[in-house]
Each structure stands twice: as structure tokens, then as C-alpha cells.
Amino acid sequence: MASPNDGPGGKYDMESNQRFYMRRAAEERTAAIRAITPQAREWHHKLAQDFARRAAENGAVAMTA
């Protein structure tokens, strides 16, 4: 029986590191924009930069805010 996460041919499609880091950078940029306190905004901005750096190290072109 195939799992909902099974890809073509029944193989599990796993998110690449590059795609994960790009997605997390985007999520943290959004969290920084929505943050209420300056401390939270700064923390999310730092996390976005860290994930964008990791994405770039894995061959992606990621934007930093």
C-alpha cells in the first residue's frame, strides 16, 4: 500500500537540503515581517540569513532580507 508521501513508482520523495533551507529562509523572513517585538524581528531575521546562507552553500540562489 502506497503512502500519501510516496512519489512515482512508490518511492518516497524527500525534500532536498537546498529546498528545505530555501523554504525555511522564506518562512523566517515572513515571521520577521510579522513579528511584534524588535527582539523577535531581529531573531527571525538572523534565522532567515542563516538558512539563506545554508541554501547558498547547497547550490541555491536565496534572497536575504
Side-chain angles (χ1 to χ4, degrees):
M1 178 181 220
S3 163
N5 293 325
D6 284 351
K11 295 182 180 179
Y12 188 83
D13 287 334
M14 182 178 260
E15 184 176 37
S16 70
N17 287 345
Q18 176 185 13
R19 188 169 175 89
F20 171 79
Y21 292 136
M22 288 173 53
R23 179 174 57 80
R24 289 295 294 127
E27 290 171 353
E28 290 300 336
R29 284 193 298 271
T30 300
I33 291 167
R34 294 179 177 167
I36 295 172
T37 66
Q39 295 85 359
R41 191 173 304 112
E42 183 179 331
W43 181 249
H44 287 296
H45 180 71
K46 178 195 176 306
L47 288 173
Q49 288 179 322
D50 289 347
F51 282 121
R53 177 187 49 78
R54 291 177 188 186
E57 289 171 356
N58 279 276
V61 177
M63 295 175 41
T64 56

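- Between M14 atom CE and R19 atom CZ the span is 14.5 Å, to the nearest 0.5 Å.
- The two residues A25 and A52 make their nearest non-hydrogen contact at CB-N, 3.8 Å.
- Taking CD of Q49 as the reference point, atom CZ of R29 lies at 10.5 Å (rounded to 0.5 Å).
- Of all the heavy atoms in M22 and A55, the pair that sits closest is CG-CB, 3.7 Å.
- Evaluation of the side-chain hydrogen bond (donor to acceptor under 3.5 Å, both in side chains) rule for E27 yields R23, R24 as partners, not counting sequence neighbours.
- Expressed to the nearest 0.5 Å, how far CD1 of I33 lies from NE2 of H44 amounts to 11.5 Å.
- For residues 34-49, every residue pair satisfying the salt bridge (Lys or Arg N to Asp or Glu O under 4.0 Å) rule, not counting sequence neighbours, is listed here: K46-D50.
- Across all their heavy atoms, F20 and F51 have their closest contact at CE2-CE2, 4.2 Å.
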